[in-house]
Amino acid sequence: MTGLEATRAALRELEGRPFTAIGRAATLVWLTFGDDVPWVDHRGEHTVRPEMSLHLQCRWRLVNGVSTMVQEGDLYVPGARAGAGFEAGGDIGTSRFDDRVRTVTELIAADVPVVDHVRIGDEFDLQLMLSSGTSLEVFPAGRPEWEDWRFLSSGEERAHYVVENGSVFKV
């Protein structure tokens, strides 16, 4: 099985799972799917974490019909609560991304969408179609030594699939 085939098979696990959250750590965007599962963190503490997550560090957008709800570029634009010293990837709540994600979070809470279909193109471009009519579109940049996106699935024997520079590797 090629890396592309393995990645397609792994991401098919998203189908039928609820899309539960979206947020960011600096300019890395994370989306979570499925139920919370028990986890022992690196300090040995028992906690929970999402069953699956997707980390994005390339161009992407969340669209509903012809409207873009939130996109990668929103991370770099000051939001309603940004001060004069706005810095992309700075404090949570200061970018246009943070403003728009509040609306997305309200929509998820009102009617949790489920992943209906996952499509991965030959260049690892990615599209998740949700039951709400919304879709996530991801466009890898293919820059050397720069991670475009990563799929993480909880469980002891589960690999992480990392897309970087037009190829994939498992961690």
Given Arg81 and Thr94, is the side chain to side chain contact (heavy atoms under 4.5 Å, CB included) satisfied, shown in steps?
CA-CA 5 Å; Arg81 291 183 283 212; Thr94 60; 5.7 Å; no
side-chain contact (heavy atoms from CB on, under 4.5 Å) with Asp122: which residues, sequence neighbours excluded?
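Once residues adjacent in sequence are excluded, the partners of Asp122 under the side-chain contact (heavy atoms from CB on, under 4.5 Å) criterion are Leu4, Arg8.
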The criterion is side-chain contact (heavy atoms from CB on, under 4.5 Å); which residues satisfy it with Glu145, sequence neighbours excluded?
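For Glu145, no residue satisfies side-chain contact (heavy atoms from CB on, under 4.5 Å) once neighbours in sequence are set aside.
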So, are Asp125 and Arg119 salt-bridged, with charged N and O less than 4.0 Å apart?
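Salt bridge present between Asp125 and Arg119.
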Salt bridge present between Glu72 and Arg59 (N-O < 4.0 angstrom)
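No.
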Ring pair (Phe, Tyr, Trp, His ring centres under 6.0 Å) partners of Tyr161, counting only residues at least two apart:
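Not a single residue meets the ring pair (Phe, Tyr, Trp, His ring centres under 6.0 Å) criterion with Tyr161.
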[Y] reachable from [X] in the ILVMFWY side-chain graph, under 4.5 Å edges:
X: Val115; Y: Met69; value: yes
X: Leu11; Y: Val168; value: yes
X: Trp60; Y: Met129; value: no
X: Leu75; Y: Leu54; value: yes
X: Leu62; Y: Val118; value: yes

Quick check: does any side chain N or O of [X] sit under 3.5 Å from a backbone N or O of [Y], one acting as donor and the other as acceptor?
X: Trp149; Y: Phe124; answer: yes
X: Asp98; Y: Ile92; answer: no
X: Ser167; Y: Glu164; answer: yes
X: Ser132; Y: Val112; answer: no

Might you point out which heavy atoms bring [X] and [Y] nearest each other, and give the distance in Å?
X: Pro140; Y: Val138; result: CD-O, 3.6 Å
X: Gly34; Y: Glu51; result: CA-OE1, 3.4 Å
X: Ser154; Y: Pro50; result: OG-O, 2.9 Å
X: Gly93; Y: Arg24; result: N-NH2, 4.0 Å
X: Cys58; Y: Ala141; result: CB-N, 4.1 Å

Is any side-chain heavy atom of [X] less than 4.5 Å from a side-chain heavy atom of [Y]?
X: Leu128; Y: Phe33; answer: yes
X: Phe139; Y: Arg61; answer: yes
X: Trp30; Y: Ser53; answer: no

If you apply the rule side chain to side chain contact (heavy atoms under 4.5 Å, CB included), what do you find for Leu14 with Phe151, and how did you get there?
CA-CA 10 Å; Leu14 286 169; Phe151 173 67; 3.8 Å; yes
We want to know whether Asp116 and Ser131 form a side-chain donor-acceptor pair, criterion being a heavy-atom distance below 3.5 angstrom.
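No, Ser131 and Asp116 have no side-chain donor paired with an acceptor closer than 3.5 Å.
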Taking side chain to side chain contact (heavy atoms under 4.5 Å, CB included) as the criterion, tell me which of Asp99, Thr103, Thr105 meets it with Val101.
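Testing Val101 for a side chain to side chain contact (heavy atoms under 4.5 Å, CB included) against Asp99, Thr103, Thr105 leaves exactly one candidate, Thr105.
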Only one of Ile22, Val77, Thr27, Val104 clears side chain to side chain contact (heavy atoms under 4.5 Å, CB included) with Phe97; which?
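With Phe97 as partner, Ile22, Val77, Thr27, Val104 yield a single side chain to side chain contact (heavy atoms under 4.5 Å, CB included), made by Ile22.
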How many angstroms lie between atom CZ of Arg150 and atom CD of Gln57, to the nearest 0.5 angstrom?
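It is 8.5 Å, given to the nearest 0.5 Å.
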For the atom pair CG (Asp35) and CZ (Arg49), what is the distance rounded to the nearest 0.5 Å?
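One gets 14.0 Å once the value is rounded to the nearest 0.5 Å.
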Evaluate whether atom CG of Asp36 has more than 12 neighbouring non-hydrogen atoms of other residues, nucleotides or ligands under 6.0 angstrom away.
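It does: Asp36 CG has more than 12 such atoms within range.
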With a cut-off of 6.0 Å (strictly less than), are more than 12 heavy atoms of other residues, nucleotides or ligands near CD of Glu15?
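Yes, because the 6.0 Å sphere around CD of Glu15 holds more than 12 heavy atoms from other groups.
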Check the pair Leu107, Asn64 against side chain to side chain contact (heavy atoms under 4.5 Å, CB included), reporting the backbone distance first and the verdict last.
CA-CA 12 Å; Leu107 293 171; Asn64 193 323; over 6 Å; no
Under the side chain to side chain contact (heavy atoms under 4.5 Å, CB included) criterion, do Ser95 and Asp74 qualify, and how do the steps go?
CA-CA 7 Å; Ser95 72; Asp74 293 330; over 6 Å; no
